Amino acid sequence: MILIKNAIILPLDENTFIKKGDIIIKDSKIQYVGRSIEWKEEFEETIDASDCIVMPGFVNSHTHLAMTLMRGIWDDIPLDLWLNNYIFPVEKMLTEEDVYFGSLLAIIESIRTGTTTITDFYYYPEVVVKAIRESGMRANISFAFSSRRGFNKIILKKAESFVKKFDNMENGRILASLALHSPYTSTPALYAQSARIANKLNVIVQTHLHETLKEVEDYKGKYGKSPIEKLDEEGFFEARVTAAHCVWLTDAEIEILKEHHTGVVLNPKSNLKLGSGIPDVAKLLKSGLNLSIGTDGASSNNNLSVLEDMRLAMLIAKGKTRDPSSIDAFTAMRLATVNGALNLGFKDVGLLKEGYKADMVIIDTKKVNLVSIENPYSQIAYSMYPEDIDTVIIDGRIIMRDGKILTIDEDFVKSRFIESYKRLLKI
Ligand SMILES: [Zn+2]
């Protein structure tokens, strides 16, 4: 058992906080959250969290881990050209080893910036499972695909066997899912078949949806309907869908997503950087959809801090509506934690609550930007730097302590990552 004592605790189930509280972790779960008391029990580990904030770890509900390998190379290019002329050709050369070290680098950055649950939507998912297992992170790892003439049946078979093999591993710390790249790379029939398989296996399906106006207009030209309208007709939303982006939505399309309890992941930094548009955060929030935060890949963000994207989502909502009350710090922090967990299929993750999984971060408030600790929600949402995270606990295990990651040899990963990066980009 681990005791964390004397902490400022933000459980996130209600808009309140505990000024001086304790948390007890037993195995992978939270056994106690409440005010500080004298404990008679023996603990294997006691962490004195005086002057520290403890909150649930961040959840990154849309990203492509190994895209760290393409970070900082091609900026200032719109999505379609960026994908077709730059990203897709390099992705054809990726090896399993590249993806393994690219993913580990992303995992290191994520742990350092307080992410405890992540997803992956990329190639070679088996090696990503290996990287996640070794790191101790919680993750939903998808088998990603798009249409290939004559191969759709084989791809779906492979996806199904991946999910059967890897879903619900490591005591539920690892889930598996299907991920269709997008309506512009996959046929409506493949979407319909994927939904049926996902429902049969009881897993989520991830996809990119309505990211750019051009993609929506091109699709209308081809099918006479928007991607959401067409996929609705195909029964795709009967599955548990988690859709990334959703920048360009009509009210009727929001209704379709709402009716089917589709999860929506905001990726504001990637949308802004690629010039795709500005998601209507306040409207989506008001609609009652389960909204969460994703960073997208490191090549379109270009970092993996959920905190940064959460903050950007808040500021966009306020700026676009010209109403600073359109989202508050507590709500935003729920988007970046418990809502993300739900969008990735984790039902007992993202709150500091008895019986929930013990995933949390400890933040030292002695940092210069955090010393005035009157309202910890405000401090986190508006003033904290991602690197203010001191300690990270996932599934009841200390993964980072005082800024040192205990599960990964960072220098080794960095050196192998650079080898892959140089080979791929012919540097
Ligand atoms: Zn993406």
Side-chain angles (χ1 to χ4, degrees), residues 58-75 77-84 86-88 90-91 94 99 102-103 106-107 109-110 115 117-125 128 139-146 177-186 191 194 204-216 227-228 231 241-249 262-279 284 291-306 308-310 312-313 335-336 340 343-344:
F58 292 115
V59 177
N60 190 348
S61 46
H62 177 75
T63 189
H64 314 276
L65 294 177
M67 287 189 91
T68 47
L69 289 159
M70 282 149 256
R71 167 159 41 198
I73 307 296
W74 304 293
D75 295 329
I77 303 166
L79 179 69
D80 54 345
L81 294 179
W82 181 73
L83 283 176
N84 290 314
Y86 300 93
I87 298 296
F88 290 160
V90 171
E91 285 179 339
L94 286 172
V99 170
S103 300
I107 289 167
E109 183 179 346
S110 300
T115 296
T117 298
I118 204 158
T119 187
D120 186 48
F121 187 140
Y122 212 52
Y123 297 98
Y124 301 117
V128 181
N140 184 321
I141 300 161
S142 69
F143 185 97
F145 54 100
S146 49
S177 55
L178 305 183
L180 272 117
H181 183 269
S182 61
Y184 54 87
T185 57
S186 305
Y191 268 93
S194 305
I204 62 164
V205 194
Q206 309 191 42
T207 192
H208 295 102
L209 210 54
H210 288 222
E211 182 173 356
T212 65
L213 185 58
K214 182 179 183 301
E215 134 204 357
V216 175
I228 289 179
L231 299 183
V241 176
T242 293
H245 302 298
C246 297
V247 178
W248 298 95
L249 299 180
T262 301
V264 171
V265 187
L266 301 164
N267 300 265
K269 209 165 151 201
S270 171
N271 300 149
L272 290 169
K273 181 168 180 274
L274 289 168
S276 301
I278 304 171
L284 290 167
L291 275 191
S292 63
I293 305 290
T295 58
D296 215 355
S299 49
S300 66
N301 186 303
N302 287 3
N303 69 35
L304 299 172
S305 165
V306 175
E308 278 196 12
D309 266 277
M310 177 194 88
L312 202 51
L335 303 193
N343 275 347
L344 294 181

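Bear in mind that the values here come from a model prediction, so they are computed numbers and not experimental data. In listed order, ligands and their atoms are each counted from 1.
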Trainee: Return the set of residues passing salt bridge (charged side-chain N to carboxylate O under 4.0 Å, His left out) with E109 (not counting sequence neighbours), or none when no residue passes.
Mentor: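 Scan of E109 (salt bridge (charged side-chain N to carboxylate O under 4.0 Å, His left out), adjacent residues dropped) gives R71.
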
Trainee: Using the rule side chain to side chain donor-acceptor pair (under 3.5 Å), only one of N301, T295, N267 pairs with D309; which is it?
Mentor: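 Among N301, T295, N267, the one meeting side chain to side chain donor-acceptor pair (under 3.5 Å) with D309 is N301.
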
Trainee: Indicate the ring-plane relationship of H245 and H62, choosing parallel, tilted or perpendicular according to the 30° and 60° boundaries.
Mentor: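 Perpendicular, since the angle between the ring planes exceeds 60°.
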
Trainee: Between T242 (side chain only) and N343 (backbone N and O only), is there a donor and an acceptor less than 3.5 Å apart?
Mentor: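 Present.
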
Trainee: Answer with yes or no whether the side chains of T119 and Q206 bring together a donor and an acceptor at under 3.5 Å.
Mentor: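 Short answer, yes.
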
Trainee: If you define the side chain from C-beta out and look only at heavy atoms, does anything of N302 sit under 4.5 Å from D75?
Mentor: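 When only atoms from C-beta onward are counted, D75 and N302 do touch, with a gap below 4.5 Å.
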
Trainee: Around the Zn ion (ligand 1), what protein N, O or S atoms are found below 2.8 Å?
Mentor: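 Short answer, with waters excluded from the count: H62 NE2, H64 NE2, H208 NE2, D296 OD1.
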
